[in-house]
Amino acid sequence: MKYTLTFMQIYKMAVYTRTLPLLIKGLLAMVSVKIPSFWVIDIGISVFYIVLAVKSVKASELPESECKT
């Protein structure tokens, strides 16, 4: 995406992107449901969240005149 982020921004994004997949995995384990190849869904959710997060940070740091509305 050719965008420079600080370590703290990357760290926060990593924590937030892993939260939902881990919650889903925990809930599935509590109800004893096994999903084959859940790791694919896990990675898909994480990648989706990280892309949205980077776009959000990038858009929030653009000057008002450059923002697309």
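Because the structure is predicted, anything quoted here is derived from the model rather than measured. Because only heavy atoms are used, hydrogens play no part in the values below, and waters and symmetry mates are left out as well, while side chains stay in.
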Which heavy atom of Leu5 sits nearest to which heavy atom of Val54, and what is that distance?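 Leu5 and Val54 have their closest heavy atoms at CD1-CG2, 4.1 Å.
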Hydrophobic cluster identity match, [X] and [Y], side-chain contacts under 4.5 Å:
X: Val47; Y: Val40; result: yes
X: Tyr49; Y: Val57; result: no
X: Val31; Y: Leu20; result: yes
X: Ile50; Y: Ile43; result: yes

Taking only residues two or more places apart in sequence, or in another chain, which ones meet Ser46 in a side chain to side chain donor-acceptor pair (under 3.5 Å)? Arg18
Counterpart residues, side-chain contact (heavy atoms from CB on, under 4.5 Å), relative to Ile41 (two or more places apart):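 Here the qualifying residues are Ile35, Phe38, Ile45.
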Give a yes or no on whether the backbone of Met13 and the side-chain of Thr17 come within a donor-acceptor separation of less than 3.5 Å.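 It does hold such a pair.
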